[in-house]
Amino acid sequence: MTENKQSGESIVPDLHKKIKAAFKSFDYESNNNVDVREIGTIIYSLGCFPTQADLHDIIAEVEEDHTGCIPLDKFLPAMTKVLLEHKFPPIPEDLLLQAFEVLDKQKKGYLEPEELTKHMTEEGELFTQEEMEEMLTALADHKNNYVYYKDLISQLTIDPDL
Amino acid sequence: MGCGVSKSNQFHKSSGKAIRSAILIQRWYRQYVARTEMRRRYTWHIFQSIEYSGEQAQIKLYNFLGYLMDNFTPASNERNLISHIFRENEVCRDAEWERYFCYKNIEVPEIYSGPHLTFPLTVEQAVGLVEAFRNKKQLHSRYVLQLLLETWKQLRMLPNINRISTCHSKEITICGDLHGQLDDLLLIFYKNDMPSLEKPYVFNGDFVDRGKDSIEILLILFSFLLVYPSEVHLNRGNHEDHIINLRYGFTKEVLTKYKMHGKRILKLLQKIFSWLPLATVIDQKVLVLHGGISDTTDLGVLARVDRHNYVSALRPPKKRHQSSASLSVDSDIDEDIWSPNKMFLRRKSLTFLKTVPRDSFQNRSLQDFSDRIQVNPADELCQRRPSVFNLGNAAPEKEMAASVSSESLSVIDEWKQILDLLWSDPMNQDGCVPNEVRGGGCYWGPDVTEDFLNRHNLQLLIRSHECKQEGYEFCHNRKVLTLFSASNYYDVGSNRGAYVKLGPDLVPYLFQYQASSMIRELTVRQSVGRTERSALKVLREQMFAHKTDLICAFKTFDSDNTGLVCLSDWASAVESVMHLDLPWRMLRYQLVPCKTNGGMIDYHEWFDELAIKGPNADHIDQSLLETLYRHRSTFETIFRIVDADNSGFITIEDFRQTWMLLSVYLKMEITDDTISDLVVTIDRNQDGSIDIDEFMEAFRLTDKKSRLERGRSMFMGTATDLTKLEGDPNI
């Protein structure tokens, strides 16, 4: 998708730079290690949309034997492969809209907080209570607490070429 | 969740389709949160990197001015210009000081609606003062001076290190940097009550600069100090320093609010700052100080220093025994101190130099120094020594030199102790290295903390000095707590503030807050966006200010002169010029809003997007404006130094000389004609003096996009006009 004018040789070093930059943001001790719990954030921020199962697989591949740490020298090749193969492509906007509409059975154009909470915390890749509260704080309308999903989708989707 | 049974049955019946939809939404939302978190991190990074590089510039500038001072011949005009900032606060007798700061003949007019103070101060008056400031009243200069005098008398009685105990009260509250943000102090008092016999407080420095109510904060803290001298404790911060105040806003604030007596107030504050205690120890176990420690920090030494000799932490103190007439005739010269540490100690001229015959020095002008700025002062020192000791009658001077050396070493040691205490930052790695980012103090590691606490039989170090997103942060195995009490420090929504309470168990209980009700309205999404936009605006300004260097750097990647570079090269070029170690690739879309040609960036077009608005800038050279803009805070600092009587105006001649100073500092060629052009533009009423504030205000960066948007809103309602604007290639 991005930078397709560049030759194949220069893509990989570019990806390496990108991955390292994201990794470094969470490397608090400056020792090329990050906490395994940050890995989801790092991968997401690189523009990927892995499932929870995907994340588990990656972690199994790169985690340093139950230390809870992920070293850069293992993460870098694994993540490069992910990006080169476009393994976890972004969700197209229209698909996302459909997803919301499925949940909005009465076609109101918005979701009530209780509806959304039930789905998010009881189905699929479950949200924690904290995540749910955060989501409502971020996305729900101030006055009536409804989630007007149509507006949100265009505001919050991924930047291209990231 | 209050749904009936039937509804949950419906959910269970709902298909794989609903589940798949839920999954999509969950994944999408998590991704959004992760990106937001990443953005917040580099926003933070941007502000920090720019803030710190500002502090370093201040110290470098100060050292540079000192260097210039050392090397001018006494007759030089330039020297007089800046010599006064190095003039020592003479230690006068009390009577002299009282006479100088006498408030008694200052009349308070009838129409004054602020608080009236009578001394000794009562708690009702202190509380009344808080209320008055909350209602945006200003305290009359008569009362300010009176209050400051009383404060000074009180502070002089305090030791360098206050030792306090939790046994007489329930809990001690400790606050970090406030930086002139009155709203935060009011919020703390609201949540935690004001100081009282049952509610002791420690305020850990940096009360002033940057925020707009620094003097009000000082007045509040000082009045509570006077009312509850055993319950209120103030530690000095690195911003309780008149040199730093010149640059970071406190000096300006006082002079603006107190036009007639501001200068006296500032002078009195200089003394007061030097008398602020250096640290506080709680129950002999918890040490509270502003910056930090180094591997040489010794509380014993710190307890014994004459702290009031360090009017500014940026220079070593005057040594009294050297005032003998045979050595120095010129009262402007300070005695020398051998400086082994080249990093950030200013090397001063030897008093002995006065006796060296004139022809051994060249008659230097300002311009000659431009290539000497990078010289290693330590080397200089070694070169000079032989000439000093080769003087006739060397014997008595040698002795003096020897005793000066050994005395000087201990003065240096003391000075370093104080510098480290006020300026250091913790780091994650073991060891102790000079703090090159700030230009003063050290970075110290967990091993140093461990060793220091053991040596002094302490269990916790509480410090401030660094802004933290949550208002506080533990490090070094929870042995060091950083506490920062100025919320929204970088921008609305950027960080929370915090204070800590310690009871007899000495377990820290942390309280966080964020001032301004506006914050509570903002959602997570919005507050990150705002802070980020501010950070990026600052960054874009900085990049514009480096335009010439950047274009040069781009050209090295663009040998065919196409005007285009790829993203990778763009990032490398930018880092090589800006040295801010930021993730440029991630920032690229916020910094380069123009369209790209297949992944390539047109760097000329990018710069056209930004434009400087200067005072009738057309006829003034573009690169001059750029330089002025980049160094505007340095320039303003020099301005204020030049404005010796703090009047807010400088003469044309001074302005010209200031510019000469700056051009040497920047290693820039500048002709007299160019300066004259600038002068003509600025001195609009042709009265021979220049208003500093007006001049600085003139340099604001506007970018084309926001100008267009503003322009568009003036045409609202006329659709055809809008489209015309967009299509015009000349805009």
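To find a chain, count down the sequence lines: A is the first, B the second, and so on, and within it residues start at 1.
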Handout entry: From A:F49 atom CZ to B:R27 atom CZ, the distance as rounded to the nearest 0.5 Å
Key = 9.0 Å
Practice task
Please round to the nearest 0.5 Å and tell me the distance separating atom CE of A:M120 and atom CD1 of B:I23.
Solution key: 9.5 Å
Problem - Under 4.5 Å from a heavy atom of chain B, the part of A:Y149 involved - result: neither
Handout entry: Steps toward side-chain contact (heavy atoms from CB on, under 4.5 Å) verdict (A:M135, B:I25)
Key = CA-CA 11 Å; A:M135 185 187 202; B:I25 295 171; 4.1 Å; yes
Exercise for the section: Pick whichever of A:K17, A:E131, A:E38, A:K20 has the most heavy-atom pairs under 4.5 Å with chain B. Expected result: A:E131
Practice task
Please state whether the side chain, the backbone, both or neither of A:K24 comes within less than 4.5 Å of a heavy atom of chain B.
Solution key: side chain
Handout entry: B:A22 backbone acceptor or donor facing A:E123 side chain under 3.5 Å
Key = no
Fill in the blank from the handout: dist B:Y32:OH -> A:L139:CG (nearest 0.5 Å) comes out at 7.0 Å
Exercise for the section: Nearest 0.5 Å please: distance from the CD atom of B:Q429 over to the CG atom of A:N31. Expected result: 8.5 Å
Practice task
Let me know if B:R30 has heavy atoms under 4.5 Å from chain A in its side chain, its backbone, both or neither.
Solution key: both
Practice task
Could you tell me how the ring of B:W28 sits relative to the ring of A:F100: parallel (under 30°), tilted (30 to 60°) or perpendicular (over 60°)?
Solution key: perpendicular
Exercise for the section: Look at atom NZ of A:K81 and say whether more than 12 heavy atoms of other residues, nucleotides or ligands are closer to it than 6.0 Å. Expected result: no
Handout entry: CG on A:L103 to OG on B:S21, rounded to 0.5 Å
Key = 5.5 Å
Fill in the blank from the handout: If one checks every heavy atom of A:I43 against chain B at 4.5 Å, the contacting part turns out to be neither
Handout entry: Option that, when pairs with chain B are counted at under 4.5 Å, heavy atom only, ranks first among A:A21, A:G40, A:P50
Key = A:P50
